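Report on one structure; see the data block that follows.
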Amino acid sequence: MSKPYNHTKATMALAKASFRSIMRSPSAVVFTLAFPLVFILVFGFLGKGGLKVELAIAPGSDLHNPIIVALEENPVVHLVRDIDAAEIKTGLEKGNIDGLINVQKNTTEKPAYKANVEYTSASVDKGNVLKSVIHNLMYNLNSKDVMPTVAELNESTVQGRIYRTIDFILPGQLGFSLLSTGVFGTAFVFFNLRQTLVIKRFFATPVRKSSIVFGEGIARIGFALLGAVFIILIGHFFFHFTLVHGAITVINMLLLAIIGLIVFMGFGFVVSGIAKSESTIPPISNIITLPQFLLSGTFFSIDAFPSWLQPISRALPLTYLNDAMRKVAFEGAGLWDVKHQILIMIVWGIGIYAVAVKVFKWE
């Protein structure tokens, strides 16, 4: 009596063979390791921050004064209103808010107002930009007099976790690496397996279709996780990328990477299904990857985009993966704390796999 066919063993054998083929593919290595590493090195050495600073207005602050009016007109400053003291304190400590301003009318004759500004050590680069803006504003308001006539400035610094450029750049590059691996890798592999009749040969064996998909998926996830660990360790040990809870943070980032990659592989299945030839795969894949690469906060916060473009950015799945990665790495958030971002990615996954089932071809 013959033994029943072992589908688990078949799945793992396919995964092993696929993993070997991925390791031998120059394009896979370039997109997963070399390409994001180049950007990490460049931005790590440059160490420059963005051009937008977040300045919170303290509860109870006077809002109708020349200082607030001038700050509202400054294109570098974004005033954060209507949040309570606890949220402001947390934002300053984590570097989400670059400063806090409290303006009060002066009871004496001069100056007319007193402005208290708190900066945060968690955002050194942006804090320096904000300080420069405040000093220039006060200088202009006081008409260059020796004694202040409009406002008096008092400054202090709140201690917080240092936010470096690499803390923003690395999660974005990791997300793009996963997007490229999921879309390009899956699309090319399944298209070639179909064109070379490899899948047809699989059908002559007892291997299930699900085993083929899971085998390829396991191989791709394994390769992507190796790349993710490599990128995270390079960023942490060479450029001081923040991992708040150490190994726990790395594990949470890898779990997010798995969720993101599964979603992005769905796009790859769609591309392999609608592509008529191998030459059409790159342009179709680029239509999917490039807008996300440019608009999902990979290099710059989407808050810096024009207001009409931000809703488009906030609709893309890579935006939510990048956001979740940054919250986990720098803010120490757990997976439950980023459940909103995970839910949006799952919704994207359900939608894209529904399309993939319709267009994917086995032969």
Side-chain angles (χ1 to χ4, degrees), residues 32-33 35-37 39-41 43-44 47 49-50 54 87 89-98 120-126 158-182 220-264 296-302 317-346 349:
T32 302
L33 300 178
F35 192 72
L37 181 60
F39 282 103
I40 288 171
L41 292 173
F43 282 92
E54 302 289 322
E87 290 178 289
K89 182 176 182 295
T90 301
L92 288 170
E93 290 174 350
K94 293 181 176 180
N96 295 332
I97 296 174
D98 304 301
T120 172
S121 63
S123 182
V124 178
D125 291 340
K126 288 187 176 181
V158 175
Q159 293 301 313
R161 196 177 298 124
I162 297 176
Y163 188 78
R164 302 177 178 86
T165 303
I166 195 68
D167 291 316
F168 185 88
I169 293 297
L170 189 143
Q173 286 303 307
L174 180 55
F176 177 67
S177 171
L178 295 168
L179 176 64
S180 300
T181 299
R220 209 150 297 284
I221 289 172
F223 181 73
L225 291 183
L226 285 177
V229 171
F230 175 74
I231 291 170
I232 291 170
L233 293 181
I234 289 291
H236 180 66
F237 289 107
F238 287 90
F239 300 109
H240 308 293
F241 174 64
T242 303
L243 296 170
V244 176
H245 302 304
I248 299 298
T249 299
V250 174
I251 292 172
N252 284 337
M253 291 182 71
L254 294 181
L255 291 174
L256 287 172
I258 292 173
I259 295 172
L261 184 60
I262 291 173
V263 173
F264 299 145
S296 296
T298 302
F299 292 117
F300 309 102
S301 171
I302 61 176
L318 183 58
T319 298
Y320 295 94
L321 178 61
N322 289 342
D323 187 39
M325 288 278 194
R326 289 176 180 127
K327 287 181 181 296
V328 167
F330 185 76
E331 298 181 20
L335 294 182
W336 183 252
D337 298 317
V338 293
K339 58 183 180 296
H340 172 71
Q341 290 85 345
I342 293 175
L343 178 61
I344 297 296
M345 287 191 286
I346 290 174

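These numbers come from a predicted model, not from an experiment.
Nearest heavy-atom pair across Leu174 and Met253 is CD2-CE, 4.1 Å. Considering every non-hydrogen atom in both Val244 and Gly332, the closest pair reads CG2-N, 3.7 Å. Between Ile259 and Met345, the shortest heavy-atom distance links the atoms CG2-CE, 4.3 Å. Taking each heavy atom of Phe241 and Pro171 in turn, the nearest pair found is CE1-CD, 3.9 Å. The two residues Glu87 and Ile97 make their nearest non-hydrogen contact at O-CD1, 4.3 Å. Closest non-hydrogen pair, Ala228 versus Leu254, comes out as CB-CD2, 3.8 Å.
The one candidate from Thr249, Asp167, Leu170 that meets the side-chain contact (heavy atoms from CB on, under 4.5 Å) condition with Thr242 is Asp167. The side-chain contact (heavy atoms from CB on, under 4.5 Å) with Val229 is formed by just one residue from the set Leu226, Leu233, Ile231; it is Leu233.
With sequence neighbours excluded, the residues forming a side-chain contact (heavy atoms from CB on, under 4.5 Å) with Ile302 are Phe305, Ser313, Arg314, Thr319, listed by chain and number. With sequence neighbours excluded, no residue forms a salt bridge (charged side-chain N to carboxylate O under 4.0 Å, His left out) with Lys339. Contacts of Ile262 classified as side-chain contact (heavy atoms from CB on, under 4.5 Å), with partners at least two apart in sequence or in another chain: Ile221, Ile258, Tyr353. With sequence neighbours left out, the side-chain contact (heavy atoms from CB on, under 4.5 Å) criterion links His340 to Tyr320, Ile344.
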Listed pairs under 3.5 Å, donor-acceptor, residues 321-329 side chains, sequence neighbours left out:
unit_1	atom_1	unit_2	atom_2	d
Asn322	ND2	Ser296	O	3.0
Asn322	ND2	Leu318	O	3.4
Asp323	OD2	Gln341	NE2	2.6
Arg326	NE	Phe168	O	2.9
Arg326	NH1	Gly297	O	3.0
Arg326	NH2	Phe168	O	2.8
Arg326	NH2	Gly297	O	2.6

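Inter-residue side-chain proximity for Ile248 and Leu243 is flagged as unmet; no heavy-atom pair is nearer than 4.5 Å. Residues Pro317 and Phe264 form a side-chain contact, since some pair of their non-hydrogen atoms from C-beta on lies under 4.5 Å apart. Between Thr298 and Gln173 the shortest side-chain heavy-atom distance falls below 4.5 Å. For the pair Ile166 and His240, the minimum side-chain heavy-atom distance is 4.5 Å or more.
Between the side chain of Asn252 and the main chain of Gly334, no donor-acceptor pair closer than 3.5 Å is present.
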